[in-house]
Amino acid sequence: MNDLLTVAPTRSRVPLRHLVDAASLDRPLVEAILNTAGVMASLSPLDGAAPLRGRILACLFFEPSTRTRLSFEAAMLRLGGQVIGAQDALASSSAAKGESLEDTIRVVSSYADAIVLRHPERGAAARATRASAVPILNGGDGAGEHPTQALLDLYTMQAELGRIGGLHVGLSGDLKHSRTTRSLALLLALFPDVRLTLISPPSLRMEPEVIETLRVRGVEVGETGDLHGAAATLDVLYQTRLQRERFDGAADVMDVPIVDRRVLSRLPDHAIVMHPLPRVNEIDEAVDADPRAAYFRQARNGLYVRMAVLEWLLGARP
Ligand code: NCD
């Protein structure tokens, strides 16, 4: 029998699943994805396994990206699949001619088996699910969510510290506009005894509704503007950049606290420093040489986690 037909089941046999936000995931699913990511990390590219042979991933990026797009593309290629896409899609796709997001998704979903979408508008990925015949993966929707980043962040904590439950995590920087910290906080809330310290200037606080949701789910949440003071009891210091592109007016723009040697000197020896990247200047480059600087290892983990996510959404399972 034709091998391609046995490897790639027809769409009607695969239930349509999307990954739009933290609410798309529960703890067993998160743990299954992290376990699969661990297996992916142990595979050699030379193994020749190609579970997604014959499948096509479309990457539609309406906002800049380095890691999310390239790690999704590399993940699909490593699993034997293929990739089509538009980067800079606001200018290079028919959006530039005035086509709606829904129409673009309708058409692209007839060419590909899944779509990774990054878009400047919050809620764009949820809108896309209503127009799509194939799974939508949210690669970041404005200041909304970034669930695959949150999964790779959890994977990194697990890989570096051996656990997720019980950790004291400091989320620092522009928590108002950062989609990575919102998704991460909500996924951390699935694990027991997680303590969160939110470190930001008052005008860049995490949305009160999100903080309330976290508390209702049993997370102990504290807030401070003092990064140096907070560092001493953290297991994870997760730093983010100022999301200047999401500010309404220049008058709002201010600086976020910087992780430098002084902050490192306060951080416990076992702790790690994470950052979704890109870093602008909120982590001093002098920090890079410290073994606790985990952000480049974290970016590498994105490949394994996205392989696991693609295998979950597109793999040949009933
Ligand atoms: C993040 C994003 O796009 O939200 N980047 C990423 O995907 N690693 C963080 C950021 O841009 O600040």
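Atoms within a ligand are numbered from 1 in the order they appear, just like the ligands themselves.
A side-chain donor from one of D153 and Q298 sits under 3.5 Å from a side-chain acceptor of the other. A donor atom on one side chain and an acceptor atom on the other are not found under 3.5 Å apart for R205 and S200. No hydrogens or angles considered: a donor-acceptor pair under 3.5 Å links the side chains of Q87 and R69.
Residue contact check for ligand 1: L277 places a non-hydrogen atom closer than 4.0 Å to it. Between P278 and ligand 1 there is a heavy-atom distance shorter than 4.0 Å.
Annotation: ring-ring contact (aromatic ring centres under 6.0 Å, His included) contacts involving residues 132-175, sequence neighbours excluded, are absent.
When the ring-ring contact (aromatic ring centres under 6.0 Å, His included) test is applied to H275, no partner is found at least two apart in sequence or on another chain.
Between the choices H275, R179, R244, the shortest heavy-atom distance to atom 4 (O) of ligand 1 belongs to R179.
Residue Q243 approaches ligand 1 through these ligand atoms, each under 4.0 Å from one of its heavy atoms: 10 (C), 12 (O). Distances below 4.0 Å separate heavy atoms of H146 from the following atoms of ligand 1: 2 (C), 4 (O), 6 (C), 7 (O). Listed by atom number, the atoms of ligand 1 under 4.0 Å from R241 heavy atoms are 10 (C), 11 (O), 12 (O). Close approach to T180 involves these atoms of ligand 1, each under 4.0 Å from a residue heavy atom: 1 (C), 4 (O), 9 (C).
With a 4.0 Å heavy-atom cut-off, ligand 1 is reached by no atom of E63.
Without hydrogens or angle criteria, R292 side chain to A271 main chain gives no donor-acceptor distance under 3.5 Å.
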